[in-house]
**Q** 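I'd like to ask you about the structure that follows.
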Amino acid sequence: MVVLVAKPTIDQIPLIKSPKQSSFFSFIPIIDLSDPVSASTSIVRACEEFGFFEVTGHGIPRDLMIRLEADAVKFFSLPQVEKERAGQPNPFGYGNKKIGANGDVGWLEYLLMDVTSKPMNHSSLSFLSEPSATSFRSALSEYIAAVRRLAGEVLELIADGLGIKPRDVFSRLVMDEESDSVFRLNHYPPFPLFQGLNRSSLTGFGEHTDPQVISVLRSNDTAGLQIALRDGSWVPVHPDQDSFFINVGDSLQVLTNGRFRSVRHRVVANGMRSRVSMIYFGGPAPRERLAPLAQLMEDGEQSLYKDFTWFEYKASAYKSRLADNRLAQFEKQ
Ligand code: GA4
């Protein structure tokens with residue numbers, strides 16, 4: 001039996017009514033990793049205040065980013081039937097406008113893949129094993145190895161900044177052989193301008209927090225990413241194709257008993273230019289228990305959260321809608 005699933009059309013994509021933000025200046029911290037001593041303190045401050053920061057001085061060759069971006073653009077330029085050979089995203093594969101399984105839609109197409117620490121097996125995306133995908137495959141493995149190392153380095157600097165030992169208390173979660181990490185390539189195409197869109201904007205990727213420990217994003221020079229501040233206002237993130245943007249995920253918020261903030265973010269589609277982003281989501285191994293680290297608890301401080309594993313959290317996250325507060329049901333009353 002052939003099941004035809006209609007793709008959402010442009011008028012079914014939700015609008016963002018207030019795309020213009022209250023704060024004109026973006027004061028998102030920019031942290032230079034080539035100065036690790038000052039970086040560790042600034043990273044901790046940024047994770048507490050924003051749950052988000054930009055990193056420079058990361059040592060990842062520009063070439064590698066450009067090469068993967070070019071391969072991604074080549075993939076997204078293929079005829080639709082070719083892209084669909086990557087399989088429906090359940091959750092891994094090629095997705096077009098539909099995000100997750102619960103009715104969320106956005107103005108984008110994407111490739112979502114499962115990346116454990118072991119050399120990429122591409123079990124989820126068999127088209128990548130074909131000879132025609134050799135260049136794409138090698139750029140992907142090299143890039144993913146590099147951003148995983150970067151995630152590990154940032155997590156070690158976090159341990160330094162918090163004054164806790166061993167340095168790998170957090171980084172071991174994403175460096176673990178069984179670390180449940182995901183990689184996503186997003187393409188937000190330009191869209192036909194039509195009446196009424198000038199005062200609101202199309203949702204590229206609706207607001208949400210990332211369930212994992214840490215996410216490492218790199219995009220081309222097209223704007224669109226916005227983060228929510230503690231007061232709920234939205235701030236645009238100025239794109240920089242030579243930098244990486246780091247997000248604190250829900251799991252890191254739990255590990256720090258709420259001291260770090262899992263940042264709510266969204267992408268507003270740009271009518272004029274394509275945005276291409278690539279994001280590594282570093283998650284723990286399924287068996288890992290997510291509980292505040294004892295070393296971070298003050299005398300008498302209680303955990304804000306119930307006891308759960310990443311396996312349990314992920315299962316519940318994948319049943320939720322994008323904008324849901326996924327941690328709410330894991331909080332102690
Ligand atoms: C958000 C972070 C990552 O992009 C992602 C997303 C996942 C998906 O696209 O399938 C989810 C979303 C993300 C959280 C809630 C569920 C699952 C879509 C969705 C509605 C790959 C992830 O791990 O969680």
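Just so you know, ligand 1 is whichever comes first in the structure, and atom 1 is the first atom listed for that ligand.
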**Q** Aromatic ring centroids of Phe260 and Phe170 under 6.0 Å?
**A**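 Phe260 vs Phe170: aromatic centres not under 6.0 Å.
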**Q** Quick check on ring-ring contact (aromatic ring centres under 6.0 Å, His included): which of Tyr280, Phe281, Tyr143 does Phe183 satisfy it with?
**A**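 Testing each of Tyr280, Phe281, Tyr143 against Phe183, the sole residue satisfying ring-ring contact (aromatic ring centres under 6.0 Å, His included) is Tyr143.
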**Q** How does Lys314 reach ligand 1, if at all, at less than 4.0 Å between non-hydrogen atoms: by side chain, backbone, both, or neither?
**A**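 No part of Lys314 is near ligand 1 at this cut-off.
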**Q** Among Arg326, Met113, Arg184, which one puts a heavy atom closest to atom 9 (O) of ligand 1?
**A**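 The residue whose heavy atom sits nearest atom 9 (O) of ligand 1 is Arg184.
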**Q** Got the closest protein heavy atom to atom 12 (C) of ligand 1, with its distance?
**A**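 Result for atom 12 (C) of ligand 1: Leu322 CD1, 3.8 Å.
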**Q** Is a side-chain donor or acceptor of Asp180 paired with a backbone partner of Ala285 at a separation under 3.5 angstrom?
**A**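 It does not hold such a pair.
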**Q** Please identify each residue that fulfils side chain to side chain contact (heavy atoms under 4.5 Å, CB included) with Pro211, with sequence neighbours left out.
**A**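 Partners of Pro211 under the side chain to side chain contact (heavy atoms under 4.5 Å, CB included) test: Asp250, Trp310, Tyr313, Ala317, Arg326.
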**Q** Measure Leu112 to ligand 1 on non-hydrogen atoms and call it side chain, backbone, both or neither using the 4.0 Å cut-off.
**A**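 It is the side chain that touches ligand 1; the backbone stays farther off.
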**Q** Whether the side chain of Asn247 engages the backbone of Gly249 through a donor-acceptor N/O pair (distance < 3.5 Å, no angle test) should be reported.
**A**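 Judged by distance alone, no pair lies under 3.5 Å.
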**Q** Hey, is Asp104 one of the residues with a heavy atom under 4.0 angstrom from ligand 1?
**A**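 A heavy atom of Asp104 does come that close to ligand 1.
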**Q** Closer than 4.0 Å to some heavy atom of Ala317 - which atoms of ligand 1 meet that?
**A**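 Every atom of ligand 1 under 4.0 Å from some heavy atom of Ala317: 15 (C), 16 (C).
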**Q** Using a heavy-atom cut-off of under 4.0 Å, does the side chain or the backbone of Ser320 touch ligand 1, or both, or neither?
**A**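 Contact part for Ser320 vs ligand 1: both backbone and side chain.
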**Q** I'd like to know whether Lys83 forms a side chain to side chain contact (heavy atoms under 4.5 Å, CB included) with Glu109, so could you lay out the CA-CA distance, the side-chain angles of the two residues, the decisive distance to 0.1 Å, and finally the verdict.
**A** CA-CA 10 Å; Lys83 293 188 275 196; Glu109 55 177 345; 2.8 Å; yes
**Q** List ligand 1 atoms under 4.0 Å from His208, heavy atoms only on the residue side.
**A**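 Close to His208: 1 (C).
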**Q** Which residue and atom name correspond to the protein heavy atom nearest atom 10 (O) of ligand 1, and how close is it?
**A**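 Here the nearest protein heavy atom works out to Tyr318 CE2, 3.6 Å.
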**Q** Would you tell me which option among Gly106, Pro211, Gly100 has the nearest heavy-atom contact to atom 19 (C) of ligand 1?
**A**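 Result: the heavy atom closest to atom 19 (C) of ligand 1 is in Gly100.
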**Q** Under a 4.0 angstrom heavy-atom cut-off, which atoms of ligand 1 come close to Gln212?
**A**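 Those qualifying, in numeric order: 22 (C), 23 (O).
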**Q** Any heavy-atom pair between the side chains of Leu293 and Thr256 that's under 4.5 Å?
**A**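 They are not in contact (no side-chain heavy atoms under 4.5 Å apart), so the answer is no.
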**Q** Looking only at protein heavy atoms, which one is nearest to atom 2 (C) of ligand 1, and how far off is it?
**A**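 Atom 2 (C) of ligand 1 sits closest to the protein heavy atom Asp210 OD1, 3.4 Å.
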**Q** Quick one: does Tyr188's side chain get under 4.5 Å of Ser274's, heavy atoms only?
**A**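 Not in contact.
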**Q** What atoms in ligand 1 come closer than 4.0 Å to a heavy atom of Phe281?
**A**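 Once the distances to Phe281 are compared, the set is 2 (C), 3 (C), 4 (O).
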**Q** Rounded to the nearest 0.5 Å, how far does CG of Leu125 lie from CZ of Arg85?
**A**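 Going from CZ on Arg85 over to CG on Leu125, the span is 11.5 Å.
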